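Quick caveat: nothing in here was measured; it's all calculated off a predicted structure.
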Amino acid sequence: GHGVEILGKKAQFIPPRYRHPMGQFPACHALGGGGKAGKGLQHPVGHGKRQRPHHGNEQTHEIGKAAVLALPLGEKGSNITAVFKIEPFRTEKQGACGVETAILPSAVLSTHTGGFNNFVLRDTTDFISPCCKHYKELQVHFDAIYSGFLASEEQADCCLEFFESFPSAVKIVDPVMGDDGTAYKTYTKGLIERTKELITHADIITPNLTEAAILLEEDYPEFLSEARLRNWAERLCKKAGAAVITGVPTEKGGFVNVSFDSKDGIFRTYEWERIPVSYPGTGDIFAAVLTGSILKGKSLSDTVEEAA
């Protein structure tokens, strides 16, 4: 909130009222960032317009030009979710999905880790737990806790602390661990095991195909038949309440996302057209839109279709 900088403009900071006075805006807490599918990473940031006063509690902060460079970028653009969600500067519309968010970075990096050597990573583990304690002291309420990229094994405990501190919140875990059949450089065996533990506390998980294979201790497949894909989704739901698997190649050469909800047993596939380019952070947007749609009361099937 206070440290976000946008295009040399002044922007209003609305002090955190995680329950809007009129009950319009659910609140979401985002830990880290996420993983796999979406569009338009760049445009949501450039809104520096001043809005009309809102209940007389706003604080105006000078916003500098270089803030986008200060936003942390991790695996697959982890934490770029922060860029997507920073519209709380708008008073009439809290975020692109109508959700007011409180964002905690799991790490700050000099560059994206894909394709760059000798990147610098600053682990923020010691920052997260004190924030949780502060939120409890403020007696704020979160409707959802959404976690993504983790920089250390200890950060799994940080996520669990948030889950335990806000038990009524929907718990969404994007188990960001790898892509294209390979785990990321920062994901040790220990961190992978902690991520496997973390998903057992989640209501919804959103792995890509690589991450689903890691979680299930399966070899990475060239494609999955619908029957085998359903088997994978059902097995993941024995660990979490509902599972969404993204970026799955099919026998016919296409691509699908799938969802399975253990509560109603509904399994669905969602076909999409592959565009032959790669953008880091698209999965963060996918999981962010999914989270926002869930908080608007939509079904899992509808949220996955909307996010895709």
Side-chain angles (χ1 to χ4, degrees), residues 18-20 23-31 34-40 81 84-85 87 93-101 141-148 163 166-176 198-209 211-212 215-216 224 226-248 250 254-273 282-308:
Y18 295 99
R19 280 292 191 185
H20 188 275
Q24 292 175 284
F25 303 123
C28 176
H29 201 287
L31 290 166
K36 292 110 342 226
K39 298 179 182 178
T81 312
F84 176 73
K85 291 179 176 176
E87 282 199 300
K93 182 181 178 185
Q94 302 293 316
C97 292
V99 177
E100 185 171 359
T101 57
H141 170 88
F142 292 112
D143 295 286
I145 308 293
Y146 156 39
S147 71
F163 290 170
F166 304 96
S168 64
V170 178
K171 300 162 185 66
I172 299 173
V173 174
D174 188 1
V176 181
L198 182 62
I199 68 167
T200 64
H201 298 267
D203 296 308
I204 304 172
I205 60 174
T206 60
N208 62 19
L209 184 60
E211 292 152 356
L215 293 171
L216 295 172
L224 283 180
E226 184 168 325
R228 192 176 176 204
L229 189 51
R230 177 170 185 138
N231 174 264
W232 278 34
E234 289 179 349
R235 287 164 60 195
L236 286 172
C237 283
K238 291 180 180 179
K239 304 174 185 291
V244 177
I245 308 175
T246 62
V248 182
T250 66
F255 290 86
V256 296
N257 298 335
V258 303
S259 67
F260 182 79
D261 192 335
S262 59
K263 293 180 181 178
D264 55 25
I266 295 177
F267 172 81
R268 280 193 60 184
T269 61
Y270 312 82
E271 294 185 7
W272 50 272
E273 181 182 355
T282 54
D284 302 316
I285 292 182
F286 180 92
V289 172
L290 182 144
T291 301
S293 296
I294 288 290
L295 291 179
K296 289 191 288 185
K298 294 189 177 182
S299 67
L300 181 65
S301 297
D302 289 342
T303 63
V304 175
E305 188 168 13
E306 182 174 295

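Residue Glu306 places its CD atom among more than 12 non-hydrogen atoms of other residues, nucleotides or ligands, all under 6.0 Å distant.
In this structure, a donor-acceptor pair under 3.5 Å is present between the side chains of Tyr270 and Ser259. If you check the side chains of Asn208 and Thr246, you find no donor sitting under 3.5 Å from an acceptor.
When all heavy atoms of Gly241 and Asp261 are compared, the closest pair comes out as O-OD1, 3.8 Å. The shortest non-hydrogen separation linking Lys171 to His201 is CD-O, 3.5 Å. The two atoms that bring Tyr146 and Asp284 nearest to each other are OH-O, 3.6 Å, heavy atoms only. Contact detail for Cys237 and Ala243: the closest heavy-atom pair is SG-N, 3.5 Å. The shortest heavy-atom contact between Ala307 and Val289 is CA-CG1, 3.7 Å. Of all the heavy atoms in Lys239 and Leu216, the pair that sits closest is CE-CD2, 4.0 Å.
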Determine whether Ile205 and Val244 satisfy the following criterion, side-chain contact (heavy atoms from CB on, under 4.5 Å), listing intermediate values before the conclusion.
CA-CA 6 Å; Ile205 60 174; Val244 177; over 6 Å; no
Please assess Leu290 against Thr206 for the test side-chain contact (heavy atoms from CB on, under 4.5 Å), listing each intermediate value before the final yes or no.
CA-CA 9 Å; Leu290 182 144; Thr206 60; 4.2 Å; yes
Give the C-alpha distance, both sets of side-chain angles, the deciding distance and a yes or no for side-chain contact (heavy atoms from CB on, under 4.5 Å) between Asn257 and Val248.
CA-CA 6 Å; Asn257 298 335; Val248 182; 5.9 Å; no
Intermediate values then yes/no, side-chain contact (heavy atoms from CB on, under 4.5 Å), Ile172 and Ile145
CA-CA 6 Å; Ile172 299 173; Ile145 308 293; over 6 Å; no
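Going from atom CD1 of Ile266 over to atom CG of Leu300 covers 9.0 Å, rounded to the nearest 0.5 Å.
Looking at residues two or more places apart in sequence or on another chain, you find a side-chain contact (heavy atoms from CB on, under 4.5 Å) between Glu234 and Arg230, Phe260. Not counting sequence neighbours, Thr250 has no partner by the side-chain hydrogen bond (donor to acceptor under 3.5 Å, both in side chains) test.
Within the 4.5 Å cutoff, the side chain of Val256 has heavy atoms near those of the Leu229 side chain. At a threshold of 4.5 Å between non-hydrogen side-chain atoms, the residues Pro175 and Leu198 do not count as touching. Looking at heavy atoms from C-beta onward, Asp143 lies out of side-chain contact with Phe166 at the 4.5 angstrom threshold. The shortest side-chain heavy-atom distance between Leu215 and Ile199 falls under the 4.5 Å cut-off.
With Thr303 contributing its side chain and Ser293 its backbone, the two residues share no donor-acceptor pair below 3.5 Å.
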